[in-house]
Amino acid sequence: MQPKPKIIFIGDYSRTDYLHLLEEVKEHCEFFLLHYASPKEEKNKDYKRFGKAIYWKDFKSAFSLLSFIKPQKVVFLYIDTYYQLVLNLACKHSNIPTFHLEHGLRADYDIAFDIKISPQLHKKPFQKIRDYSTLLQKLKARLKARKFLNKSIKELPEEEEFIRSYIEVRRNHNYLDSFKRFPTDKRVADTYISFSPKVFETHQKHDYLPQEHRVYFIGVPYFDAFHYSQALSIQKAILFIDQPLAEHRLLNWTPAYKEAFVRQLVKMCSLHNYRLYIKPHPIQNVKPWLEQNAKETTLLTNEQLLASCKSFPIIMGFYSTYLMPFAALEHTTLLTYENHPAGNFLVSKPFVDAGVAHPVYDLNELHEILPNIEKLHQKQLPNKKKFEEDWLYKFDGKAGARLRDILLSDNL
């Protein structure tokens, strides 16, 4: 029997939604999961059924890490941090293939990252660490990881000037601003594995990729289960796909503003006799929802959502990857909320332009929309197939299998 190929998977593996990308692959590869300086930073141990965790602090340099693991491939969810950058460069110098694996729908960065709209994103990384009181707790592991970084730089003498320049810029800017200053293939993977051509366009723009950069389209592995989920009776219900806007202070959202929004939305659904279901984001605070009347609102896990996804006629939410399959399902009508504390911004423009979503700028608009939802549904219905082709590539339940085939191929 052939040994399983060793693959280093680099990204926040405490996010179980990220790990679910590997569901169809995990039995065929030996995964080493890398993101944290030490195990004390992990949020849970759910990753253990996908692979073994390794930590930056346990290796002297990027080259020693590669020498110890001897991976056939290295898969990044993003290449942003100093450690990821030097490991990517070490892979290039060691002729180890690197891949950027898509993990979500990209928003309109030009809106989301504008300093006037989302000033919190422009804080220096050190300030963010200080604010969350984690610096002292992680200092020892971080010091070891810093040694990893310094030795890696010494072992990449021809790249030292570039690495140190990147570090200096990244220390004072968010990652989008940093990328603008370094439009080079030194900070990108050899190959991109993307959901679809439309999703990939954002990476082409913000990673400054040439037209000929190698990319494979696979669909969205997260949503394979939607294809096979059982058809259910349609409820009189609204499914709300939430986002951690307040937690990240995006578009000037605050916890207080979010609480007021939640109360108004729950009231609006109740007035029109719609049951409200909520799919929270993995890293958001769900307390505002839990404080509502349990007879009117229900929070769903991923498993519960997949089991009941075909029973919701109306889907509402902020810009989110999770809106994609619902935009394509024939029985759904999609509403996107575009009114933010920073102003009215059509962040969900790709959905609206594709004709599969209706933007809402004031929750009071629901008084007119909900009684006439079938008319809106008929308007969106003819556009769903084209949206599927452009944004989901193939909504056939085989995206995970396509990813498996790419990672197992000896020709990449």
Side-chain angles (χ1 to χ4, degrees), residues 226 229-243 245 251 253 257-281 288-300 304-305 307-320 322-341 343-388 391:
F226 277 76
S229 60
Q230 188 176 3
L232 300 173
S233 298
I234 303 299
Q235 305 181 56
K236 187 170 185 181
I238 295 174
L239 172 64
F240 187 83
I241 308 294
D242 208 355
Q243 284 278 55
L245 301 180
L251 301 168
W253 279 78
Y257 194 94
K258 179 62 176 289
E259 289 168 8
F261 169 83
V262 167
R263 289 193 297 270
Q264 186 181 3
L265 179 60
V266 171
K267 181 180 179 180
M268 193 68 62
C269 293
S270 178
L271 285 172
H272 290 274
N273 297 313
Y274 278 90
R275 175 82 182 180
L276 181 61
Y277 290 83
I278 303 96
K279 170 58 180 69
H281 190 277
W289 294 112
L290 293 175
E291 291 175 342
Q292 305 308 307
N293 188 339
K295 294 181 179 180
E296 298 176 337
T297 61
T298 302
L299 266 70
L300 299 176
Q304 290 170 331
L305 176 60
S308 58
C309 65
K310 293 184 178 177
S311 70
F312 302 117
I314 303 173
I315 314 300
M316 187 174 179
F318 306 110
Y319 187 86
S320 170
Y322 244 115
L323 294 181
M324 294 170 70
F326 290 107
L329 291 175
E330 289 192 356
H331 71 281
T332 58
T333 306
L334 179 59
L335 308 174
T336 60
Y337 190 72
E338 311 294 343
N339 182 11
H340 306 281
N344 291 343
F345 296 100
L346 190 58
V347 184
S348 305
K349 191 173 187 293
F351 293 96
V352 175
D353 285 353
V356 295
H358 178 78
V360 175
Y361 294 96
D362 187 324
L363 288 178
N364 286 316
E365 294 175 32
L366 295 178
H367 287 308
E368 174 64 26
I369 292 171
L370 293 179
N372 299 288
I373 198 68
E374 181 57 28
K375 181 179 179 181
L376 190 56
H377 176 245
Q378 291 302 318
K379 185 177 179 181
Q380 294 179 8
L381 188 59
N383 305 314
K384 288 176 176 285
K385 189 62 181 176
K386 183 66 165 58
F387 174 85
E388 176 187 328
W391 291 92

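Values below: all heavy atoms of this structure, side chains included; hydrogens, waters and symmetry mates excluded.
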> Between K384 and T332, is there a donor-acceptor pair closer than 3.5 Å when you use the side chain of the first and the backbone of the second?
Replying inline: yes
> Donor-acceptor pair, K279 side chain versus L239 backbone, under 3.5 Å?
Replying inline: no
Could you tell me whether the side chain of [Y] reaches within less than 4.5 Å of the side chain of [X], counting heavy atoms only?
X    : Y    : result
K236 : N273 : yes
T336 : V347 : no
F312 : L305 : yes
L363 : M316 : yes
L346 : Y361 : yes
I315 : L329 : no
L366 : L335 : yes
W391 : P350 : yes

State the [atom1]-[atom2] distance between [X] and [Y], to the nearest 0.5 angstrom.
X    : Y    : atom1 : atom2 : result
L300 : D242 : CG    : CG    : 12.0 Å
N383 : D353 : CG    : CG    : 11.0 Å
I238 : I314 : CD1   : CD1   : 4.5 Å
F326 : T333 : CZ    : OG1   : 12.5 Å
L299 : I278 : CG    : CD1   : 5.0 Å

>> Looking at K379, I'd like to know if its NZ atom is crowded, meaning that more than 12 non-hydrogen atoms belonging to other residues, nucleotides or ligands lie closer than 6.0 Å.
In response: no
> CD of E374: more than 12 outside heavy atoms within 6.0 angstrom?
Replying inline: yes
>> If we count only N and O atoms by modelled type, under 3.5 Å, do the side chains of S348 and E338 hold a donor and an acceptor together?
In response: yes
> Cut-off 3.5 Å, side chains only: do Q235 and Y277 have a donor facing an acceptor?
Replying inline: yes
I'd like a table of donor-acceptor pairs (distance under 3.5 Å, sequence neighbours excluded) in which one partner is a side-chain atom from residues 260-271, with atom names and distances.
| residue | atom | partner | partner atom | Å |
| --- | --- | --- | --- | --- |
| S270 | OG | E296 | OE2 | 3.2 |

Search all heavy atoms of [X] against all heavy atoms of [Y] and return the closest pair with its distance.
X    : Y    : value
E388 : A328 : CB-CB, 4.3 Å
E259 : P288 : CG-CG, 4.0 Å
H340 : Y257 : C-OH, 4.3 Å
P313 : A237 : CD-O, 3.3 Å
E330 : L381 : O-CD1, 3.4 Å
D362 : V360 : O-CG1, 3.3 Å

> Looking at F345, F240, F351, which one forms a ring pair (Phe, Tyr, Trp, His ring centres under 6.0 Å) with F318?
Replying inline: F240
> Does the gap between the ring centers of H331 and H377 come in under 6.0 Å?
Replying inline: no
> Relative to the ring of H272, is the ring of H367 parallel (under 30°), tilted (30 to 60°) or perpendicular (over 60°)?
Replying inline: tilted
